[in-house]
Amino acid sequence: MEMKSITKTFPGVKALSNVNLKVKAGEIHALCGENGAGKSTLMKVLSGVYPHGTYEGDILFGGEVCQFKDIKDSERLGIVIIHQELALIPYLSISENIFLGNERANRGVINWSETTVRTKELLETVGLQESPLTRVSTIGVGKQQLVEIAKALSKEVKLLILDEPTAALNEDDSENLLTLILELKKRGISSIIISHKLNEIEKVADSVTILRDGQTIKTLDMKMDAVTEDVIIKGMVGRDLTNRYPERTPELGETIFEIRNWEVYHPTQADRKMLDQVNLHIRRGEVVGIAGLMGAGRTELAMSVFGKSYGKRISGQLYMHGREVHLNNINQAIEGGLAYVTEDRKQYGLILIDDIKRNISLSSLKKLSRRGVINENEEVLVAEEYRRKLNIKTPSILQKTVNLSGGNQQKVVLSKWIYAQPDVLILDEPTRGIDVGAKYEIYSIINGLAAEGRGVLVISSELPEIIGMCDRIYTMCEGRITGEVERQDATQELLMKYMTRSRG
Amino acid sequence: MGAISEIFKRNIRQYGMIIALIFISVFFQILTDGILLKPLNVTNLILQNSYILVLAIGMVLVIITGHIDLSVGSVAAFIGALSAIMMVDMQMNPVLAVILSLLMGALVGAWQGFWVAYIKIPAFIVTLAGMLLFRGLTMIVLNGQSIAPFPKAFQKISSGFIPDFSGESSLNVLTLVAGIILSVLIVYQEFRTRKTSVKYGFELPPVWIPIAKAAALVIVVNLFTFVLAQYNGIPNILVILLVLIAIYSFVMNNMTMGRHIYALGGNEKAASLSGVKTKRVTFWVFVNMGVLAALSGLVFAARLNSATPKAGTNFELDAIAACFIGGASASGGIGTVVGAIIGGLVMGVMNNGMSLVGLGVDWQQGIKGLVLLLAVGFDIYNKSKTA
């Protein structure tokens, strides 16, 4: 497969210019680049989402020029793309999902026995032990990812494109998935993997192509060229990132926020305890990390503390500046000096159809208004101030946030909460899906907040990030705090040991 | 030039609809040999469409929150019936009856808002039920019969005009004066906007843009008042409408309440996690809709001078259509009060024009349906082009 000098322009933006990509048969090819570098656009061109004629350049598959009119065209040749946001129908069964749009049918009448038998075969291939009749909504994200791959296999895939396949997976599931991709390679299926996780690329890829600003920077052979993470990062950002975490000398003050004996039950399953006797504290100027695998209860902890937005039968005490506070709804939490930056900024953090200015002011309209009337001029000044301070890259604060890259979106969410002037910020996966350069900026912002004397609680799945950023780290497992580690003692191995310290 | 094309692009939907409104008006003006814009007919246009425009104001808020209200026609009929019982049967003072009617509307809105906001039943279902429920109640309280006539004072809501200084002149002087006062306000507003921009150090648009804008508005306003002045002057209902438009536009654009409504419609979860009391806002939007539906019912009853069991039939559909023609998004978060009014006027002018040229109701319905589809189609085409 080869893509030759692909150029794709959107109104006003050149998303790709003269991009070349060459994937050999039976290899795993990684595609790296900052957010907005053009990876996804390139893959959409390849899979026919952008039909022939809307871009310039040629796609060659097996030596022949292809002109895809739609996704079906590319699938016919065996090019299948699995998008970052999984495209499964939650209320249909695994087998119905696998053969969706490709039903085993005769004149529109579905042959269910054949469907079930084929599904079983496919599930075996991908190593998923579930009944073909299981509803997709009842299985976890990791397994859903496997269903997607089974679906791709059902279409006799020759080239599998995976867009950030492990972004939502925990370490175990990621590991499984990567092994599966290596397995598929042995069967002669090539893959293109888009990923921000450079260690994964090092593990599985045969070669890697780096994109930056819509251009191919270079293609490297993993074995011949002795590729390391640093080499890839350098290619992606165009500069040496000698230090991935900005320097900081913490100045710790007294304890400003404390959670004691915190217990929370599941919102619908009445007897399921989600958090059990959680105790933690944050000091002034301190960056505290919470490490835990998926399902450890990190987000549940953050949300239940933030105005009881999660869970039922919540018990325990919260202390702000040593005084007990009762934060029974989100407004009380905000007024009490708490801010929570959600894990999923598109769904829970931003009003995507609104502009930057309105998003930044949303939590603090009271400050900008008198008797309910907003001073829009002040609002513009505030938005401009934060655009400058947090270096939000945009032509105007009137830009809709849906048009921003992940890093800039996150900066808008951070602006909103910093402007609310909280004493304690809880940041849930603050750098998920954000490219390396923007991550560094986000880290600097976090450090700035700590330096101003606020407390920051960082929840992250990336251990290097937690270790690089935090003064003190709590580990969680099954809704309990299982360890507390000071920065100087923290190693990935130690944290992982605590994070898997389950009760049973 | 870049500046205007930028402004134009950002507001293409609004300007597009204004242009469409002008185009349709000119089209029917020619087709009806100039009857459409005769002073009498312009006055009629306002009176005929007032109750739909009142509904459209409330409806656009409901639609911005991502909901819909199918019950407003029935609610209007129900409140109209109650007001008739109070004023005609019970001989109540009209002012008191109007206040009680509006309160009843608020109660109806609160009933529906409760189910939508707190019990989380989809608004489509709650208000579909409300549509049946309140239509049924209307027939029950009216015993299936009409009640008439209303007191003279009450009828004035829909048929009265603001009295002129003197009855001598063939032109209504007060109307012309009102036009001039409005013109002064428009110019003052543009001037003030520019002054605060200077104060805050914002980048200023070239001087001719505000001047052109103010000039266009002043011309339109004075043409309009001049036309009205040739008939009976300013209808009472026009004053009510203008006040409502001004208040609701201000709330939606300049107040935290409006901001919360837009945020809620744009992304309910994010709004909630940002401290917007989403349930409470939804509830109040429905209460507000109830009050405006009640007002619409009163205006309609006053115009008809009777309360009938069939009043308000299909009002909800006209109001919803007005919002969508005026650029509101069915998925919530997008829409303006002024847009909904323009959408309502587009429908109103078409109705009136088609009637004047003698098209039957059958054709009118069909053509209105196509216009709705085309307007929203144009909107979506535009969005996909700019995205």
Side-chain angles (χ1 to χ4, degrees), chain A residues 10-12 302-303 306-307 309-310 329-335 338-342 344-355 358-381 384 395-396 398 400-403 413 416-417 420 428, chain B residues 2-3 5-7 9-11 64-66 192-203 247 249-281 328-329 331-335 382-387:
Chain A
F10 292 109
M303 288 191 60
F306 187 63
S309 13
Y310 171 88
N329 58 47
I330 290 164
N331 282 290
Q332 285 179 11
I334 294 172
E335 269 157 37
L338 218 53
Y340 172 51
V341 176
T342 54
D344 182 339
R345 59 184 162 267
K346 285 189 186 168
Q347 272 209 49
Y348 297 104
L350 290 168
I351 315 286
L352 288 171
I353 58 173
D354 265 350
D355 56 30
R358 282 166 164 243
N359 270 289
I360 291 178
S361 63
L362 185 60
S363 290
S364 325
L365 284 175
K366 257 190 202 153
K367 263 196 266 179
L368 283 171
S369 58
R370 232 175 48 203
R371 284 197 219 103
V373 179
I374 300 166
N375 185 337
E376 290 188 64
N377 299 313
E378 285 295 339
E379 190 184 18
V380 170
L381 289 186
E384 287 290 357
S396 153
L398 298 176
K400 295 216 162 94
T401 48
V402 67
N403 297 327
V413 180
K416 170 169 81 178
W417 286 114
D428 200 346
Chain B
S5 72
E6 181 61 29
I7 290 169
K9 243 186 243 159
R10 205 176 297 143
N11 299 307
I64 290 169
T65 57
R192 216 183 60 161
T193 310
R194 206 171 167 79
K195 219 173 102 182
T196 44
S197 286
V198 171
K199 189 178 126 199
Y200 279 92
F202 295 153
E203 204 180 316
I247 291 176
S249 287
F250 184 78
V251 169
M252 293 308 283
N253 294 330
N254 297 55
M255 296 190 66
T256 47
M257 182 71 185
R259 214 42 98 63
H260 285 175
I261 292 173
Y262 278 113
L264 164 64
N267 183 344
E268 182 175 355
K269 289 171 194 156
S272 161
L273 284 172
S274 300
V276 175
K277 292 170 181 146
T278 50
K279 287 178 188 172
R280 201 182 294 178
V281 172
S329 155
S331 44
I334 296 173
N382 251 326
K383 265 184 208 147
S384 68
K385 216 173 53 178
T386 50

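Letters go in sequence order (proteins before strands), and every chain restarts at 1. Any value given below was found using the heavy atoms of this structure, including those in side chains, with hydrogens, waters and symmetry copies removed.
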Which is it for B:F250 and A:V373 under the side-chain contact (heavy atoms from CB on, under 4.5 Å) test, yes or no, and what are the steps along the way?
CA-CA 9 Å; B:F250 184 78; A:V373 179; 3.6 Å; yes

Most chain B-contacting option - heavy-atom pairs closer than 4.5 Å, from A:L381, A:L368, A:I334
A:L381

Rounded distance [0.5 Å steps], CG in A:N375 versus OG1 in B:T196:
9.0 Å

A side-chain contact here means heavy atoms from C-beta on lying under 4.5 Å apart; do A:N377 and B:K199 qualify?
no

Considering only heavy atoms and a distance below 4.5 Å, find which of A:N359, A:L365, A:L352, A:V402 pairs most often with chain B.
A:L365

Heavy-atom pairs under 4.5 Å with chain B are the metric here; pick the option from A:E379, A:R358, A:Q332, A:K416 that has the most.
A:R358

With sequence neighbours left out, what residues match A:E335 under side chain to side chain donor-acceptor pair (under 3.5 Å)?
A:K366

Evaluation steps, side-chain contact (heavy atoms from CB on, under 4.5 Å), between A:V380 and B:F202:
CA-CA 9 Å; A:V380 170; B:F202 295 153; 3.6 Å; yes

Test salt bridge (Lys or Arg N to Asp or Glu O under 4.0 Å) applied to A:K346 - qualifying residues, sequence neighbours left out:
none

A:S364 portion near chain B, given a 4.5 angstrom heavy-atom threshold:
neither

Between A:T342, A:N329, A:N331, who has the most heavy-atom pairs with chain B when the cutoff is under 4.5 Å?
A:N331

Filter on salt bridge (Lys or Arg N to Asp or Glu O under 4.0 Å), then keep only pairs touching residues 368-378 of chain A, sequence neighbours left out; what's left?
none

Spell out the residues in residues 267-276 of chain B that have some non-hydrogen atom less than 4.5 Å away from a non-hydrogen atom of chain A, in order of number; otherwise answer 'none'.
B:N267, B:K269, B:A270, B:A271, B:S272, B:L273, B:S274, B:G275, B:V276

Spatial distance of atom NE2 (B:H260) from atom CG (A:L362) [nearest 0.5 Å]:
6.0 Å

Hey, does B:R259 have a side-chain heavy atom less than 4.5 Å from the side chain of A:S369?
no

